[in-house]
Amino acid sequence: MDSALIPKGAKRCPFPVFAAGLSIVGVVLLWGVFAMGLCWLKGLNQTNMNDNYGFALWIWADLAVIAVGGGAFFTGLLKYVFGIDELKNIINLAVVVGFICYSSALLILAIDIGQPLRGWFIFWHANVHSMLTEVAFCLSLYFSVLTIEFIPLILENRQIDKVPFFHNLSHNMHGAMAVFAATGAFLSCFHQGSLGGVAGVLYGRPFAYREGLLVWPWTFFLFTWSAAAYGPCFTLMITKIFEGITGKKLVKDNVVHLLAKISGWMITTYIIAKIIDTIYWMGVTAPSMGFSVMDFYTSNAFYGIWILILEVIVCGIVPAVLLITKRYRENPKLLLLAIVLGVIGVCLNRWVMVLQVMAIPVMSFDQWALYLPSWQEVATTILPVAYGIILISLAYRYLPMFPQEQELYSEK
Amino acid sequence: MTQQNHGNVHKFGMVIDLDKCTGCGSCMVACMSENNVPFKEDETNKLDSITWMRVYKITNGKSFPDTEVCYIPRPCMHCGGKGDHGHSPCVSVCPAVATDYGHDTGIVSQIYTRCFGCRYCMAACPYHARYFNWWDPKWPEGMEEYLSPDVSPRMRGVVEKCSFCYHRYQAARDKMYHEEREIMEEDEYQTACTQACPAGAIIFGDLNNPEHEVHKLVKPDPHHCGRPKNPNAFRLLERLQTNPKVYYISSREWVRKAGDNYLEGEWEKAKKNGHGKGHN
Amino acid sequence: MKIDRRSFLGLGLGVAAGVAVSPATWKLMDDSSIWTQNWPWTPVPRDGEVSFDNTVCSLCSGHCGISVRKIAGRPVKIEGREDYPVNQGGVCLHGISGLQYLYDPARVKYPMVKKDGTWTKVGWEEAVSLVASKLGDLRAAGTPDALACISGKEQGTIPGLFKRLLMASGSQNFFTMESMENTWDITMSRLHGINASPGYDLQNCDYILSFGCGFIEGWGSQVNNFLVNSSRKERNACFVQIECRLSNTAASSDMWVPAQPGTEADLALGICGVMVAEKLYDADYVKNFSRGFDEFVKILKESYTLEKVASTTGLEKSKIQAIARSFAKAKAPIAISGRGKGLSAGSSKEFAAIHALNCLAGNINKKGGVWTLPKTDDMQWPALEMDGLATKGYALKPVDDSKSVAGMFAKVNASKEPVVSALMVYEANPCFSLHDAKAVQEAVKKIPFVVSFSSYMDDTAKLADVILPSHMYLERSEDICGSPGMVQKVVGLSQPIVEPLFDTKNPGDAVIMIAKAMDGTIAESFPWDSYEACLESVAGDLWSTLTQEGFSVQEGDVPTDKPPVDFSFLAQNSQSITAEGDKKSFPLILVPIDNVRLAAGAVASSPFAVKTVADNVLKTNSSFVEINPETADDMDLSHGDDVIITTPRGSAEVKVNVNEGIMPGVAAMAAGLGRSAQENIYVDGKGVNVNELIGQVMDAASGLDAAWGIRAKISKA
Ligand SMILES: Nc1nc2c(c(=O)[nH]1)N[C@H]1C(S)=C(S)[C@@H](COP(=O)(O)OP(=O)(O)OC[C@H]3O[C@@H](n4cnc5c(=O)[nH]c(N)nc54)[C@H](O)[C@@H]3O)O[C@H]1N2
Ligand SMILES: Nc1nc2c(c(=O)[nH]1)N[C@H]1C(S)=C(S)[C@@H](COP(=O)(O)OP(=O)(O)OC[C@H]3O[C@@H](n4cnc5c(=O)[nH]c(N)nc54)[C@H](O)[C@@H]3O)O[C@H]1N2
Ligand code: SF4
Ligand code: SF4
Ligand code: SF4
Ligand code: SF4
Ligand code: SF4
Ligand SMILES: [Mo]
């Protein structure tokens, strides 16, 4: 039915199966759209956020998707700037995932703000001291870069490619891609960092606050580093999910292992930095504000000290060791374990840096605040996931996302 | 402390005498009434209940009959921020300059029409002084008639907080200019909560003016960003260097200690050197 | 034209570029944000010229002077009047919320008559003639005394008009809602044999010994108390609070003495005992001016020894001695009585015992002491015409000999015959604020004809047959007399600061209309054209001061006389008032809490006030019961648990509030919640009315309801 659009030689499931699959996801998407509509029409009373939890699930989702979308900039950086050419075989996927993550982040921000129609004030009336201003600028600029990186892939669609203009455009854009990728990497470094800065500059919140370099708190650097380190885990995780669903091998092992190894070393260096940061914060920063570490953790199920152990050891040291060790990395099960732990780790870090910051009492007579999201928040957070699945499925079906796909076929 | 403004540089501040405060709540209601603060059917979830002035009740943690209670009224602290340069925790993070530091007054403003509701400022404020309008403000039929034109009612989706009754400052300043005077008298600009407090527990004035009661009461130390020299006076969370312009006075040690966070043994040490203000 | 791929693309790009650079996009963006800044559903208050009008707040008996800020004639804010002797600029949160009462959704907007259980709007003429004819029927039936009236207050010309209407038609049954003031006055007559009210010269005293008074919560003249409390440091004065719970008053006191609830009389007598034993009393005063002292001392020595009192009150002996010594040694000590806001009468023995302390200290009619202020009515009423029927009816005894409202309702419930056939209720809400409120509601339902003069649909108005809605206090003229406990006598003039919003009337006018609609001497007794005219003529000399200053104050000069003290009432050693219920089935004692942020009387709290109430007093629609952690542990309860509290009078679902500041074994619930009307969603229907859980306990000596609590048990819901 739609075979004319499918990349030459690629095998895809029959259209009705595809359409059925999409429509199931489509229902979830509509649910999310409905919730989004409620939030826009009725306001943020549709959420369970409150004056203690001004930032909640959405901001976490924002930070998390951008962290995992970090695979795009980091892979781009490695390929175009450091010239690691093998990565061209996974860069398309990285770009699509990145595009989805960043567009989702922008969408969530547009729902999250109380006055969406005034959202542009952040550009027009920008306060250069605010980390959020930095985030907004870098995020939108990098989103434009990702769009530009995404376009050539779209143009490679069999039908579009037939048009000489598009063919040439695509060719020329590929030529210029290194420039965009480099720009993107730079921008991304900044906004990943400024997202880290969002919490790190809060000197009224001893749990979040960090000293730093010039105007940037250490979390600035830690966020950039962790996005670069864990982002590829997410790219790999998506690859594995694709391979699982399609039952086909789509990226060669050497590419996967290379990216896994790089990610492993990045996580290793990151987690060392994170541990140093944590120790300094526990020993110097927080005590100078009158807090001991255990003041930041409670006996309730939400914010026990387990969360720190899980983040740093289980989802930090463990995947780092698994990924830098050749034997483990090349064991498919351990590899999968490592990348899943990695993704959880970075998401957990963002969770802690958003929600735990809000939960902890600062005034000595204040109380812990707990929060559970409303269905509208959950639905609007799942919305981008559904949208992502649809977009990536379309991209997989109609675009040559995995250049090695056919080669791997023939090998079989 | 020096400020680089030309003209009269005020630093308006408040001193709340916790020995006098009874926890009656008049200040809360005076503020709501003065500033068109809305109310809704259920206000028992205190995490979505707009109270620019909120009276906290704290206890000494001892069991019956040694329990003691103290009430702590908490408006916006109008933080001077680190170094008292006006980089208040909230002002420094607002991406759209919807909240700003008035260098001529020391007042932290909130401009509702500029605010786009990102709530970053709320995340930044350790005092929970900021409130978000989760709902459209609604008054029962006819009751909008009592709204004051001096303060615009806020639309849904923006943040609001105590303004030190800025409109009263504007009115006093206009009067002063109109009468071609250079000096604003202490009683010309007083906040609604100060005026209403039946206990006279709230004192308001210019911390820069040694003639003003607030200055006399706390004796702000110009070399330490206004840290009080009066040993019974303290500011909430002094150690975070937010440099509030709201001071508290209490003759009770446990109350002063509750004003900040201390590691074990620190309070005793802090008491010995200086007067229990922690380090800065 | 053939649309090939190329032109299609060109078109697409063109459109995109066009949209991007078109001013329309930017304009739309700008306009949409401007729209959000001017949402038509967010009100924009009208501006205009500023003016201030003075009047008096009559939401409680404190009677503070207030100043209403107006914009173009529209009231926008209530502030304290700086020059008013009672409050000197301060106002309580209820007073500030006054405009919410003006626009209260529960306002009764026009006269209403209940027909077949539903309210029907009627005109004033019709409503008044209905009431007049019902009252006429009573007289025609020869039972003019079957008419009763309950007024929230005793003094002033509007209660005066009601009283006059009853007198002219032939009934003694004018009741005022009982309060601590009744028992104060009883104490004055018992101990001093005079018709007087006590005045407490608190500004000049240096030691206040308070027996459970809600000095901060609303006792006496609340805002005045705040001034006294705040100036304590400068005056070197001490405040001691005796109470089983760490209330706001206890929290702001110098010493909190948690004695077992209900043992205040014992404690006071125990302190008397120490003063006598240690010869710490004013021997001159006692010797020269007292009767029954020796018998009193004998009782003290027999029944109120330190050991006994220590064991009943649960206090250390040394503590009682210390209080006695510091009280006696103070230059100007005052002991004050009346629980909480003083909204119930209290025990006459307790009040007398407490006043005995003042007598022993010899601090009567001195600067910084208790003053005996003769009860006088400065209003000059013209003579009243009574016809034969009226004279006959008026000669009959009132339904309740002690003139207790609670007693009256008890009689209504107890008797088969209708002892009250018509009831008028003015500024009172007995169905809410009397103990055993459920039984009171039954009694009201039993009365054939009930007329409410309420401005709001409240628990009592709901059960009435006719409502003749009054202007609320900001809409009307009225003389506002007295602020309880103060030594100065202040009469304020309430002035209409706004045109009445609805088809309501000054209740004074309503009474005059009713009287005029009746015949003969009744109509003749009300010669005025309007209430305003009545007020002006009755106020006499006061009128010009009132209109010029807004108030008149008789600066309290210390009374010069030394009233004698008769201790024989105390020497009778009557029974103390105990809590109803047996200890076995009801192991706890439930006491009501008068919360400073909740109005517990006739008028409900405002939305603002309710908003300030803590979330461990009210959560969504649930009340809380406060218990000590020890009590909670014993019963395996924790904070926030849903429980059922049961007393001999009823039960209610509430939540647990674990509070260190309450005595183990005591349970406490906030009063003022659980209003049953439904008109004001911000206030009504929230929480439980504690008065439905507490029964009446009649004081044999005063005949008034002296209940201070009740035994209770708590079980998991
Ligand atoms: N921190 C801070 N900085 C501010 C502002 C603020 O509020 N806070 N406000 C800003 C604003 S709105 C303004 S307008 C500017 C004003 O900034 P400036 O223009 O710097 O204002 P001034 O300090 O009042 O005056 C400048 C100098 O002019 C001198 N002067 C006075 N009269 C005369 C004259 O007749 N002839 C000459 N040649 N000199 C004269 C004065 O002595 C003074 O040294 O500051 C801006 N900068
Ligand atoms: N004695 C003396 N008087 C002077 C001068 C002098 O040199 N000496 N200088 C004069 C000069 S040049 C100037 S410019 C003026 C400056 O004096 P002002 O007009 O008072 O200006 P600012 O000093 O900026 O203070 C304005 C206040 O508005 C708040 N604000 C900021 N943005 C907004 C907003 O969008 N909406 C609202 N409602 N409030 C906002 C700020 O927090 C700040 O507190 O003073 C003049 N007056
Ligand atoms: S009005 Fe005064 S006494 Fe009452 S709570 Fe506020 S500060 Fe305290
Ligand atoms: S108290 Fe909070 S809102 Fe007020 S200035 Fe300080 S940080 Fe900002
Ligand atoms: S919520 Fe409004 S005031 Fe606060 S940071 Fe965002 S834009 Fe600024
Ligand atoms: S200063 Fe004004 S705005 Fe601030 S709490 Fe007091 S009354 Fe409210
Ligand atoms: S104390 Fe009573 S009279 Fe005074 S303002 Fe409050 S309610 Fe009104
Ligand atoms: Mo200026």
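In what follows, every chain begins at residue 1, and chains take the letters A, B, ... in the order their sequences are listed.
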Problem set entry | Aromatic centroids of A:Phe121 and B:Phe116 separated by under 6.0 Å | no
Looking at [X], I want to see if its [atom1] is surrounded by more than 12 non-hydrogen atoms of other residues, nucleotides or ligands under 6.0 Å.
{"X": "A:Gln367", "atom1": "CD", "answer": "no"}
{"X": "A:Trp375", "atom1": "CH2", "answer": "yes"}
{"X": "A:Phe123", "atom1": "CZ", "answer": "yes"}
{"X": "B:Lys46", "atom1": "NZ", "answer": "yes"}

Identify which part of [X] has an atom lying under 4.5 Å from any heavy atom of chain A, answering side chain, backbone, both or neither.
{"X": "B:Leu263", "value": "both"}
{"X": "B:Ile72", "value": "side chain"}
{"X": "B:Cys125", "value": "backbone"}
{"X": "B:Lys57", "value": "neither"}
{"X": "B:Tyr131", "value": "both"}
{"X": "B:Leu47", "value": "both"}
{"X": "B:Ser88", "value": "backbone"}

Which atom names give the shortest non-hydrogen contact between [X] and [Y], and what distance separates them?
{"X": "B:Lys82", "Y": "A:Tyr209", "answer": "NZ-OH, 2.9 Å"}
{"X": "A:Ile122", "Y": "B:Pro95", "answer": "CG1-CB, 3.5 Å"}
{"X": "A:Ser364", "Y": "B:Gly259", "answer": "OG-N, 4.5 Å"}
{"X": "B:Pro126", "Y": "A:Gly204", "answer": "CB-O, 3.0 Å"}
{"X": "A:Gln115", "Y": "B:Met155", "answer": "NE2-CG, 3.3 Å"}
{"X": "A:Asn127", "Y": "B:Ser92", "answer": "ND2-O, 3.6 Å"}

For this session: Please test A:His129 against B:Val91 for side-chain contact (heavy atoms from CB on, under 4.5 Å), starting from the C-alpha separation and ending with a verdict.
Result: CA-CA 9 Å; A:His129 299 293; B:Val91 169; over 6 Å; no
Working to the nearest 0.5 angstrom, can you tell me the gap between [X] [atom1] and [Y] [atom2]?
{"X": "B:Gln241", "Y": "A:Ser288", "atom1": "CD", "atom2": "OG", "result": "8.0 Å"}
{"X": "B:Cys121", "Y": "A:Leu202", "atom1": "SG", "atom2": "CG", "result": "11.0 Å"}
{"X": "B:Leu237", "Y": "A:Met289", "atom1": "CG", "atom2": "CE", "result": "9.5 Å"}
{"X": "A:Tyr203", "Y": "B:Cys79", "atom1": "OH", "atom2": "SG", "result": "6.5 Å"}

Of the listed residues ([options]), which shares the most heavy-atom pairs with chain B below a 4.5 Å separation?
{"options": "A:Glu134, A:Met49, A:Met358", "value": "A:Met49"}
{"options": "A:Thr47, A:Asp366, A:Val354", "value": "A:Asp366"}
{"options": "A:Thr133, A:Ile360, A:Val201, A:Leu44", "value": "A:Leu44"}

May I ask you to name which of [options] has the most heavy-atom pairs under 4.5 Å with chain A?
{"options": "B:Asp48, B:Ile58, B:Val97, B:Thr242", "answer": "B:Val97"}
{"options": "B:Tyr56, B:Trp135, B:Tyr120, B:Phe132", "answer": "B:Tyr120"}
{"options": "B:Leu236, B:Asp136, B:Leu240", "answer": "B:Leu240"}
{"options": "B:Ser49, B:Ala124, B:Ala98, B:Gly61", "answer": "B:Ala124"}

What part of [X] lies closer than 4.5 angstrom to a heavy atom of chain B: side chain, backbone, both or neither?
{"X": "A:Pro361", "answer": "neither"}
{"X": "A:Ile113", "answer": "both"}
{"X": "A:Val135", "answer": "neither"}

For this session: For B:Asn261 and A:Asp295, run side-chain contact (heavy atoms from CB on, under 4.5 Å): C-alpha distance rounded to whole Å, both residues' side-chain angles, the deciding distance at 0.1 Å, then the answer.
Result: CA-CA 10 Å; B:Asn261 295 288; A:Asp295 293 335; over 6 Å; no
For this session: Start with the C-alpha gap between B:His128 and A:Asp51, add the side-chain angles, then the distance that decides, and say whether side-chain contact (heavy atoms from CB on, under 4.5 Å) holds.
Result: CA-CA 7 Å; B:His128 298 305; A:Asp51 295 332; over 6 Å; no
Problem set entry | Check against side-chain contact (heavy atoms from CB on, under 4.5 Å), B:Arg119 and A:Ile59 | CA-CA 11 Å; B:Arg119 305 181 300 286; A:Ile59 295 291; 5.5 Å; no
